[in-house]
Enquirer: 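Have a look at the structure that comes next, please.
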Amino acid sequence: MNIYLLDDIKKLQLHLTYQYQLHQIVKNNQGQSHWQQISTDQFPTLLHEKAQTSIKDFFFAQQENILVFNGEYFQETLPSPNPFVLFGVQSCDLVAVNYQDKFFKNDPYYQARRKHCLLVGLDCISPCEHGFCPTVNAGPGVRSHTADLILHPLVNQPLEKPQWLLIEGSEKGAMAIKHMTIKGQPLETAHWHYLTQRDLTLKACKQKFSDDSHINIAIEKINNNNVSAVFWQKVAIQCIGCSGCTSLCPTCSCYGTRSIKLPNDNISQERFWDSCLYEGFQKEASFHNPTAEAGKRVERFWRHKFSDGIATEFDRYGCVGCGRCEQTCPGVIGVHSIMKRIANDA
Amino acid sequence: MVDDLISTICPYCGVGCGINLKVNELGQLKSVEPQSNHPISQGKLCDKGWSTAYAVTNKNRLTQPLKRIKNEFFPISWDEALSTIAVELNQILDDSGPKSIGIISSARATNEDNYAAQKFTRTVLKSNNIDHCARICHSPTVAGLKQSLGSGAMTNSASEIFDTDLIMVFGADPTENHSILGGHIMQAHLKGCELVVVDPRKTRLAKLANIHLQLNLGSNIALVNAMLHVIIKEKWYDENFINERCNGFKYLAQHVAQLTPVSVEAITGLKAVDIYQAAKHYSQAKRAMIFYGMGITQYMSGTNNVISLANLALICGHIGKNGTGVNPLRGQNNVQGACDMGCLPNVYPGYQSVIDTNIQTKFSNAWQCDLDPLEGLTSMGMTKAALAGDLHALILFGEDPVVTDPDQNHVKASLKKLDLFVVAELSMTETAKLADIILPAASFAEKDGTFTNCERRVQLVNQALEPLGVAMGDWQWLQALAKKMGSDQLNWKTSEDVFNEMTSLNPSYEAMTYQKLAKNHGLQWPCNNENPTGTRLLHANTFPIGKARLISVNHTDIDEPTDDEYPLSLTTNRLHFHYGCGSMTRNSPLLERETPPGILFINPENANTLNIAHLDAIGVKSRRGYIETRAIITGDVPIGLVSMPYHFKEAPSNQLTNTAQDPVTKMPELKACAVSVIPLPKGVEPKSIQQLLEGD
């Protein structure tokens, strides 16, 4: 794969818009970062800030119709989006998409969107609030198998003259920039020593993360079955079943379905994001429920994020260290809070 | 794929969390996310908030005006709907006078809508017959705190939860009903703040608390008086504060002199030593905050309950300082605002009395018309007047009293007696089914305006979507109706115009503008020239009435004790999954899945005696009605007490609840009545109230 030097990121954005609809993280008037379609050629500055909502809903829609039954036969309602590029995705979210790709490998609705997407990753060069991606092997640098293109901001550049490394991550990424020129010239190839510089920058970034030894201690306790049912019951009192953690978690993928009668009497089958922290999630029609107890649900959720069993199935833990659950949990049992309690009290 | 992210305020409870609506390129609401930098919610939402998209975009929304012909509804145009209403209202005004028409506005609508509703009532219909659901949640707060402190709102602010040493939660279940604030209390408690919970049920917070006083239903005043006794006897009160800021201490001290903890053991069901400990912890804490809810207000003794909490805070000096206060948790997103706007039969906007001639003159000059000098009817008064044939027309929006008011059969009978009943709603509620004309209302996502949360924070609501079908915002159709009736009183172009007119008449909102609200994440009233950036903390230096009043109050028994025929006490509660009558939350497939449509919480021992198993179908009977539902067996309710959430139209608790009222505010005693419970035969499904009534 090739690496290039890039002085003007807008040139890359413009080039990609010839083939793709561009989406990028912007800030709204309240200062909140979120993904937005960019329909002008006034490209916003690349933000080194994770969006509150991860990119999973680009592929796994929060609510979508999947089938229509017209009384005789079923018809799949597959989405057919135009090709789009997610420009400037942080490593945690890319690792999560990689994880979701495995989970939804045979899901036609997910794949219909996924195959039209080009992922442009962005290396993080400083830690974010609540983030601990290095501990769970999900950042801060973009993993090459998770993005089609990778952008790395070169440090030690004067502010007014930023420079970027552009790294090809996949065949698709290479194709996307194959014909890109700047002032009539092909992209400037970068010497390999820039990759060493990138490694050093990322290493320095890793050093700047605050101590999160509680995560590793707690992971070990969870996997050695050193966390008692009584402990889970106790912390689960704090779970108010809001679904915030599962909604924001980039690797959560549970969904439910329901039938809706349409005005023309056809039946539409809809699927929607579900949450394993709802009591009704595993409840059967007979009212039997293996996770009727809140403690069981909370335990199940965290085992899905940190158990070795999951790691075997998906080649990694279910947690990518983005820390979104810590911010959003009203019950103070987001990842840092709960792992600290497991490490200290369980 | 999001095309736009609109910042607005969650439409559910009174906490007022920041929510962002994600709208796609087709202008459809796809999903929501919390606002990470909102001053209260800080990136969090509860399950209701997270499911907002289901509430707004559901397929049951009304999209055009409907007219009833016999028992069926037929679509009509706005013009026809408003013309019909205008002609009938004018006729009723001519025949029976202004007193024969009532308006019930909505604590879920914006301040602008509510301001318009009371102005419509006062200037077009020429009466003060305006009320809203605060009658059945916090009218005792307004009445009680007004007497004790001079102002009936939360004295302090949500952020002070992190700035106090002790939190006492009295008759409230914040993690269910005000989840984000409940979460803040959990967080503060985990960081070391003491937590005292007073509740007959083992709520989530009770399970985490340092002290849980699991008192008998309706024994709040007995408990507080005994706590006052202890604090005075042990000299744990704040003498300086009492001398400088309060009147009536001597009488109060005499009043509680004999009310020892031991003397109230039987009434409260608590041990004297526990009462003593709670009194000690509360009074000795450096800073202590009281939060309370319906477990205080929804009693015949509601106003006195509120007064007794004010007494407690006042003698300990736990008021007027950071991290203290008497803080009602208000139920609906804008119930504070609806009260502030004067959607009450006795006050204009800003709690200015309608019977004060100076104030009448002020409003009469501003609105350039004569005003009714007498107080109007409360919502219960309207129900009664309708039954008596004295009220002929009622316009109601964004409320479902058939499901949420006490004594369903009584409410239905009175609504059926009206000559004209108009309901503006998002979807077909049980109440709307009784209307002559239904108007399609715009949802919160479809309008601009403001909501005032329970900490008096006025926040901007921003339009994200076009109204569904021909749905309209409430002030817009009220204005159109006024014009049809030949009045130019309501004459605004934008929500901001309405707001600006209101601020010119409401001293607490005087210095607010939309621009300032946008810039500051909302502003807390009073916001006037003296406090241009609002007021976080009330009563810091003085009370609006000068010195606060310590008012001696007595315990009163609940109206309907248990007996052989009705051996169990019934109380009501809420579930965090649902909101009010469920007309919004029950559209979420996730929230709807959480419980059967109607449940009754019952202690294992009572269930055992009655031979009831978990989730069995049961019948519940009171002197007023009978419903069928399913049993949830749990130690969270004590022996002898059963509890029922009121969200479910299939099994409405108000078939059972008592209408006995607080003499001051007419608040019904929704929190206590006597019932009997029987198991239904195995395999039988509970019948909905609709099936049961049809079967009669």
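Quick note on labels: first sequence line is chain A, next is B, and so on, each numbered from 1. Just so you know, these numbers use all the heavy atoms, side chains as well, and skip hydrogens, waters and symmetry mates.
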Enquirer: Return yes when atom NZ of B/K516 has more than 12 non-hydrogen atoms of other residues, nucleotides or ligands closer than 6.0 Å, and no otherwise.
Expert: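 It does: B/K516 NZ has more than 12 such atoms within range.
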
Enquirer: Salt-bridged, A/D107 to A/R113, with N to O below 4.0 Å?
Expert: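 Between A/R113 and A/D107 there is no salt bridge, as every charged N stays at least 4.0 Å from the carboxylate O atoms.
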
Enquirer: Non-hydrogen atoms of chain A under 4.5 Å away: do they reach the side chain of B/L208, the backbone, both or neither?
Expert: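 The side chain, not the backbone.
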
Enquirer: For residues 230-240 of chain A, which side-chain donor-acceptor pairs fall under 3.5 Å, sequence neighbours excluded?
Expert:
{"residue": "A/Q233", "atom": "NE2", "partner": "A/E293", "partner atom": "OE1", "Å": "3.1"}
{"residue": "A/Q238", "atom": "OE1", "partner": "A/R341", "partner atom": "NH1", "Å": "2.7"}
{"residue": "A/Q238", "atom": "NE2", "partner": "A/G331", "partner atom": "O", "Å": "2.7"}

Enquirer: For residues B/L21 and B/A464, report the shortest heavy-atom separation together with the two atoms involved.
Expert: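 Looks like CD1-CB, 3.6 Å.
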
Enquirer: Run B/N587 and B/N60 through side chain to side chain donor-acceptor pair (under 3.5 Å) and show every step you take.
Expert: CA-CA 8 Å; B/N587 291 302; B/N60 304 325; 3.0 Å; yes

Enquirer: Apply side-chain hydrogen bond (donor to acceptor under 3.5 Å, both in side chains) to A/R297 and list each qualifying residue two or more places apart in sequence or on a separate chain.
Expert: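 With neighbours one apart ignored, the set is empty.
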
Enquirer: Give the interface residues of residues 42-56 of chain A toward chain B, defined by a heavy-atom separation under 4.5 Å.
Expert: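 Answer by number: A/Q52, A/T53.
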
Enquirer: Within the distance-only criterion (no hydrogens, no angle test), does the side chain of B/N24 pair as donor or acceptor with the backbone N or O of B/G27 below 3.5 angstrom?
Expert: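 Answer holds: yes.
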
Enquirer: Which one, B/P589, B/C46, B/G43, leads in non-hydrogen pairs under 4.5 Å with chain A?
Expert: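 Most heavy-atom pairs under 4.5 Å with chain A: B/P589.
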
Enquirer: With a 4.5 angstrom heavy-atom cut-off, is it the side chain or the backbone of A/D274 that approaches chain B, or both, or neither?
Expert: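 For A/D274, backbone and side chain are both near chain B.
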
Enquirer: Is a donor on one side and an acceptor on the other found under 3.5 Å between the side chain of B/T175 and the backbone of B/G182?
Expert: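 No, B/T175 side chain to B/G182 backbone: no donor-acceptor pair under 3.5 Å.
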
Enquirer: Answer yes when B/D636 and B/K207 have at least one side-chain N-carboxylate O distance shorter than 4.0 Å, and no when they do not.
Expert: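 Looking at B/K207 together with B/D636, the answer is yes, because their closest N to O distance falls below 4.0 Å.
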
Enquirer: At a heavy-atom separation under 4.5 Å, does B/H521 approach chain A through its side chain, its backbone, both, or neither?
Expert: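 Only the side chain of B/H521 comes within 4.5 Å of chain A.
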
Enquirer: Evaluate the side-chain proximity of B/M428 to B/L66: yes if any heavy-atom separation is below 4.5 Å, no if none is.
Expert: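 Of all side-chain heavy-atom pairs linking B/M428 with B/L66, at least one is under 4.5 Å.
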
Enquirer: For A/I260, which atoms come within 4.5 Å of any heavy atom of chain B: side chain, backbone, both, or neither?
Expert: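 When you check distances to chain B, only side chain atoms of A/I260 fall under 4.5 Å.
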
Enquirer: Which one wins on heavy-atom pair count under 4.5 Å against chain B: A/A61, A/C329, A/G280, A/S39?
Expert: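 Looking at each option in turn, the highest pair count goes to A/G280.
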
Enquirer: Please state whether the side chain, the backbone, both or neither of B/S41 comes within less than 4.5 Å of a heavy atom of chain A.
Expert: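 Contact with chain A is absent: no heavy atom of B/S41 under 4.5 Å.
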
Enquirer: Looking at B/G18, B/G183, B/A518, B/A53, which one has more heavy-atom pairs under 4.5 Å with chain A than the rest?
Expert: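 So the answer, after comparing B/G18, B/G183, B/A518, B/A53, is B/G183.
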
Enquirer: Select, from B/L181, B/N20, B/T595, B/L205, the one with the greatest count of heavy-atom pairs under 4.5 Å involving chain A.
Expert: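 When all of B/L181, B/N20, B/T595, B/L205 are compared, B/N20 has the most.
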
Enquirer: Counting only heavy atoms closer than 4.5 Å, note whether B/L591 contacts chain A via side chain, backbone, both or neither.
Expert: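 When you check distances to chain A, only side chain atoms of B/L591 fall under 4.5 Å.
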
Enquirer: Pick from A/E270, A/R324, A/Q327: which one has the most heavy-atom pairs with chain B under 4.5 Å?
Expert: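 With the most close heavy-atom pairs to chain B, the winner is A/Q327.
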
Enquirer: Measure B/Q42 against the heavy atoms of chain A and call it side chain, backbone, both or neither at under 4.5 Å.
Expert: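 For B/Q42, the contact with chain A is made by backbone and side chain together.
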
Enquirer: How long is the straight-line distance from CD of A/Q24 back to CG of A/L16, given to the nearest 0.5 Å?
Expert: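 Spacing of CG (A/L16) from CD (A/Q24) equals 10.5 Å.
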
Enquirer: Could you label the plane-to-plane angle of the A/F84 and A/F58 rings as parallel, tilted or perpendicular, counting under 30° as parallel and over 60° as perpendicular?
Expert: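 If you compare the ring of A/F84 with that of A/F58, the planes turn out parallel.
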
Enquirer: With chain A as the partner, which of B/I185, B/L190, B/I6 has the greatest number of non-hydrogen pairs under 4.5 Å?
Expert: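 Heavy-atom pair counts peak at B/L190.
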
Enquirer: Which residues from residues 243-252 of chain A are near chain B, with near meaning under 4.5 Å between non-hydrogen atoms?
Expert: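 Only A/S243, A/G244, A/S247, A/L248 of residues 243-252 of chain A have a heavy atom under 4.5 Å from chain B.
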
Enquirer: Looking only at side-chain N and O atoms, does A/N289 offer a donor or acceptor that is under 3.5 Å from a partner on A/Q282?
Expert: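 No donor-acceptor contact under 3.5 Å links the two side chains.
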
Enquirer: Report the relative orientation of the aromatic rings in A/H130 and A/H336; use parallel for angles under 30°, tilted for 30 to 60°, perpendicular for over 60°.
Expert: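 Ring orientation, 0 to 90° scale: tilted.
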
Enquirer: So which of A/Q63, A/Q32, A/Q62 has the largest heavy-atom pair count under 4.5 angstrom toward chain B?
Expert: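 Sorted descending by pairs with chain B, the first entry is A/Q32.
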
Enquirer: Under the 3.5 angstrom rule, does the side chain of B/T203 hit a backbone N or O of B/D173 as a donor-acceptor pair?
Expert: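 Answer holds: no.
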
Enquirer: For a 4.5 angstrom cut-off between non-hydrogen side-chain atoms, does A/I38 reach A/Q13?
Expert: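 SC-SC contact between A/I38 and A/Q13 ruled out.
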
